[in-house]
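Accompanying notes for the structure given below.
Note: hydrogens, waters and symmetry copies are ignored here, and every other heavy atom, side chains too, is used. Letters A, B, ... are given to chains in the order of the sequence lines, protein chains preceding strands, and every chain is numbered from 1.
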Amino acid sequence: MSSSAVRVRFAPSPTGYLHIGGARTALFNWLLARQCGGQFILRIEDTDQTREVADSLPKILQDLRWLGLNWDEGPEIGGPYGPYFQSERLEIYRSCAERLLDQGWAYFTFDTPEELAVMRDQARSEKRTFRYPRPAQFPTRADAEQARAAGRPVVVRFRMPDHAITVHDSILGDVVVQAEDLEDFVIVKSDGFPTYHFACVIDDELMKISHILRAQEHLNNTPKHVGLQEALQFSTPVYAHLPLIFNINGTKMSKRDKEKALAKGEKPPEIDVHDFRMAGYLPEVILNFVALLGWSPGQDREKLSLDDMVQLFSLERIGKTNARFDRDKLLAFNTTGLATVSSTRRLDAFRDFLAVNQHPMQQAGDAQLQAILRACEGLRTFSDVLTKAGFIYLPDEAITYDSKAIEKVLRRNDGAGFAILRKLDAALQQHADWETASLDQLLKSLAEQWSIKFGDLAQPIRVAVSGTTVSPSISETLELLGHERTGRRIQQALRLQTGT
RNA sequence: GGCCCCAUCGUCUAGAGGCCUAGGACACCGGCUUUUCACGCCGGCAACGCGGGUUCGAAUCCCGCUGGGGUCACCA
């Protein structure tokens with residue numbers, strides 16, 4: 001096979017945002033395509049109208065774009081093998097089903113969900129594994145019409161081949177499933193839509209997909225797909241089932257984790273790509289981190305650019321063991337990522353962060369934002385900028401004073417902090433050159449003059465202007481805030497002493 | 001429970017029979033730095049699940065056990 005024949009796809013169903021695990025699947029497919037000069041196709045698996053979420057598609061596209069995973073064929077750009085929405089390919093699936101029906105590879109059944117449930121329950125109570133009982137005689141089309149007329153659900157089931165099926169997986173090796181463990185499964189639902197298995201196999205063939213990289217939870221589905229390919233005389237793509245990603249405690253990473261945390265009054269964990277975007281992570285860092293979950297370039301290499309990954313990626317180096325998503329390590333990656341990106345890139349990413357969060361700091365000009373970013377050196381995520389310097393963009397009256405900070409820094413020792421603050425107020429009012437270096441010089445000399453530690457002078461101001469003990473370095477903080485607002489906030493803090 | 005997959009530090013992993021007294025990263029623990037919070041720097045702790053083989057030699061190959069995971073829908 002020539003390398004230009006590599007065609008891979010990412011096939012999400014439009015039920016929400018892009019999950020972080022889905023992002024890794026998309027990335028691996030994308031990397032393979034880019035490395036081989038092949039095509040990365042985006043296909044939308046919208047065959048279940050009941051589960052569909054209205055604005056999910058634009059969200060997924062937006063998440064993919066934010067990550068930088070561009071597609072060569074798919075929604076919004078089309079391509080030679082479209083349409084790329086399964087809901088627009090119904091006619092194709094229908095004709096394939098007809099073909100299978102004609103050739104005896106599929107048959108109609110008329111069971112209601114309730115009847116099926118009874119059969120399954122019975123099998124369970126008898127400790128038998130349930131497999132759909134294939135009828136000796138397949139119902140005719142006329143039978144199907146009659147059943148439909150009588151109001152019974154009509155579905156089409158695939159007659160699985162009666163031999164064992166071997167899946168050749170390039171990560172796991174050969175996986176053999178015996179004939180008796182295979183079941184006749186539904187390929188056309190009673191609403192006329194194809195099931196996932198059916199649509200997926202047909203589209204992969206027609207779209208000339210060469211490699212299928214997907215999560216390992218699909219491994220058990222693969223014999224079904226291979227059976228279908230055999231009956232339809234399709235070719236079988238190269239399969240590569242990726243190890244799964246779990247929470248650090250081994251549970252599934254699910255959107256429900258967010259609800260649970262919220263219910264407990266905790267901060268919800270990031271699960272979807274969009275969550276990480278909102279939390280202030282860099283997309284390239286997320287990609288780098290997630291690539292290392294199940295894949296490793298070897299040679300103790302970890303920090304990789306997208307280009308590095310395109311170059312180093314290989315199916316052979318994908319592991320078999322499930323991984324746990326270590327948020328601490330991601331945070332560490334993001335910290336170095338933020339410390340090493342170019343300042344223009346950082347500014348762009350920060351603007352994006354402010355925009356998705358609709359933060360008032362958006363109003364600031366580039367120079368001011370750059371100054372804030374510089375002042376927040378050591379930040380782990382862009383959210384840190386908000387906790388550390390967000391007070392700058394709050395109206396004076398919206399500053400909330402942390403009671404512990406007030407007590408410890410200002411009120412303690414008979415209001416020693418307040419006393420220093422009062423002296424500082426006078427000195428600062430007279431200081432005209434409102435710029436970091438100059439302010440720094442002033443404050444240092446005052447500390448020396450008054451024979452106090454720098455911290456004993458810095459902390460009272462910090463609390464006065466920010467309400468907390470956390471802010472950028474004090475002189476930078478003052479420059480960022482400006483002379484006027486600094487004065488107002490000190491006055492405001494001073495009033496706390498008397499309670500007026 | 002049936003079927004399937006997997007098994008190296010707490011976590012992500014390197015390791016493709018001798019280079020392993022098992023390497024890196026994160027976390028953790030100590031120390032340094034310090035103007036708060038972070039960052040940074042230095043040092044340390046820490047793993048081949050168990051039992052059998054095969055071999056001169058096994059983390060690496062084989063078998064069993066144990067453990068973990070996935071899947072058993074007219075959802076993808």
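Nucleotides B/G18 and B/A76 place their C1' atoms 49 Å apart, quoted to the nearest Å. One P atom belongs to B/G23, the other to B/A16, and the distance between them is 14 Å to the nearest Å. The same atom, P, is picked in B/C37 and in B/C28; the two are 16 Å apart, to the nearest Å. Nucleotides B/U60 and B/U54, compared at atom P, are 15 Å apart to the nearest Å. Taking the C1' atoms as reference points, B/G31 lies 32 Å from B/C48, given to the whole Å. Nucleotides B/U11 and B/C5, compared at atom P, are 24 Å apart to the nearest Å. Going from the C1' atom of B/C63 to that of B/U55 covers 16 Å, rounded to whole Å. Distance noted for atom C1' between B/A47 and B/C9: 4 Å (whole Å).
Nearest to the side-chain atoms of A/Val470 among the listed nucleotides B/C74, B/A76, B/U36 stands B/U36. The listed nucleotides are B/G70, B/C39, B/U11; the one nearest the side chain of A/Asp326 is B/U11. Between B/U35, B/G24, B/C74, one nucleotide has an atom nearer to the side chain of A/Asp300 than all others, and that is B/G24. Among the nucleotides B/U36, B/A76, B/C4, the one closest to the side chain of A/Ser473 is B/U36.
Regarding contacts with the backbone of B/C26, every side-chain N or O of A/Arg324 stays at 4.0 angstrom or more from both OP1 and OP2. Here A/Lys189 reaches the OP1 or OP2 of B/A76: one of its side-chain N or O atoms lies under 4.0 Å away. Distances shown here put every side-chain N or O of A/Arg128 at or beyond 4.0 Å from the OP1 or OP2 atom of B/G2.
Among the atoms of the strands shown, none is found under 4.0 Å from any heavy atom of A/His241. Within 4.0 Å of A/Arg131, counting heavy atoms only, lies no atom of the nucleic acid at all. When heavy atoms are screened at a 4.0 angstrom cut-off, A/Asp169 is found touching no nucleic acid atom at all. Nucleic acid contact class of A/Thr47 (heavy atoms, under 4.0 Å, all strands): sugar-phosphate only. A/Pro223 comes within 4.0 angstrom of no nucleic acid atom, judged by non-hydrogen atoms across all strands. In this structure, A/Ser296 reaches the sugar-phosphate backbone alone: every heavy-atom distance under 4.0 Å involves primed, P, OP1 or OP2 atoms, never a base. Using a 4.0 Å heavy-atom cutoff across all strands shown, A/Arg380 reaches sugar-phosphate atoms only and no base atom. A/Arg120 comes within 4.0 angstrom of sugar-phosphate atoms only, judged by non-hydrogen atoms across all strands, and of no base. No contact: A/Lys224 has no heavy atom under 4.0 Å from any strand. A/Val155 comes within 4.0 angstrom of a nucleotide base, judged by non-hydrogen atoms across all strands. Residue A/Ser13 is classed as a sugar-phosphate contact, given heavy-atom separations below 4.0 Å to backbone atoms only. Among the heavy atoms of the strands lying under 4.0 Å from A/Asn221 is at least one base atom, whether or not backbone atoms are also near. At the heavy-atom level, A/Phe246 lies under 4.0 Å from the strands shown only through sugar-phosphate atoms. Note on A/Pro243: nothing from the nucleic acid sits closer than 4.0 angstrom, heavy atoms only.
In this structure, A/Arg317 is not positioned above the aromatic face of A/Trp295 in the sense of NZ or CZ being under 6.0 Å from the six-membered ring centre and within 45° of the axis.
As the counterpart of B/G30, B/C42 is assigned, both hydrogen-bonding distances of the Watson-Crick or G-U wobble pattern falling under 3.5 Å. Pair assignment for B/U36: none, as no Watson-Crick or G-U wobble contacts are both less than 3.5 Å. For B/C3, the paired base is B/G70 (Watson-Crick or G-U wobble, both distances below 3.5 Å). Searching all strands for a Watson-Crick or G-U wobble partner of B/A25 with both distances below 3.5 Å returns B/U11. B/A16: no Watson-Crick or G-U partner with both key distances under 3.5 Å is found in any strand. Pairing partner, B/G64: B/C50, with both Watson-Crick or wobble hydrogen-bond distances short of 3.5 Å. With a 3.5 Å ceiling on both atom-pair distances, B/G57 lacks any Watson-Crick or G-U wobble partner.
In this structure, A/Ile318 places its CD1 atom 17 Å from C1' of B/A16, rounding to the nearest Å. Remark: P of B/A73 and OH of A/Tyr196 are 16 Å apart, rounded to the nearest angstrom. Regarding A/His225, its NE2 atom lies at a distance of 14 Å from the P atom of B/U71, rounded to whole Å. Atom P of nucleotide B/U35 and atom CD of A/Glu479 are separated by 20 Å, given to the nearest angstrom. When rounded to the nearest whole Å, the span between NZ of A/Lys255 and C1' of B/C75 equals 12 Å. In this entry the distance linking CZ of A/Arg301 with P of B/A14 reads 15 Å, nearest Å. Residue A/Asp184 contributes atom CG, which lies 15 Å from atom C1' of B/A73 at whole-angstrom precision. In this structure, A/Phe193 atom CZ and B/C74 atom P are separated by 17 Å, rounded to whole Å.
Ring-centre distance between A/Tyr196 and A/His225: below the 6.0 Å cut-off. Less than 6.0 angstrom separates the ring centroid of A/Phe313 from the ring centroid of A/Phe28. Taking the six-membered ring wherever Trp is involved, the centroid distance between the rings of A/Phe289 and A/Phe325 falls below 6.0 Å. Aromatic ring centres of A/His197 and A/Phe185 lie closer together than 6.0 Å.
Using modelled atom types and a 3.5 Å distance limit, the side chains of A/Arg380 and A/Thr335 yield no donor-acceptor pair. A/Arg345 and A/Thr340 share no side-chain donor-acceptor pair at under 3.5 Å. Using modelled atom types, one finds no donor on one side chain facing an acceptor on the other under 3.5 Å when comparing A/Thr436 with A/Glu476.
In terms of position on RNA chain B, the residue among A/Val175 and A/Leu293 whose nearest nucleotide sits closer to the 5' end is A/Val175. Each of A/Pro12 and A/Gly455 was matched to the nucleotide of RNA chain B holding its nearest heavy atom; the match closer to the 5' end belongs to A/Gly455.
Between the base of B/C5 and the side chain of A/Lys320 there is no donor-acceptor pair shorter than 3.5 Å. The base of B/C6 is not paired with the side chain of A/Thr321 by any donor and acceptor separated by under 3.5 Å. Judged by distance alone with a 3.5 Å cut-off, no donor-acceptor contact links the side chain of A/Lys329 to the base of B/A27. The base of B/G24 sits with one of its N or O atoms less than 3.5 Å from a complementary donor or acceptor on the side chain of A/Glu302. Judged by atom type and distance alone, A/Asn322 does not reach the base of B/G69 through any side-chain donor-acceptor pair under 3.5 Å.
Residue A/Arg141 places its CZ atom among more than 12 non-hydrogen atoms of other residues, nucleotides or ligands, all under 6.0 Å distant.
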Margin query: The test is side chain to side chain donor-acceptor pair (under 3.5 Å); show your working for A/Asp203 and A/Tyr84 and say whether it passes.
Written below: CA-CA 9 Å; A/Asp203 289 346; A/Tyr84 295 90; over 6 Å; no
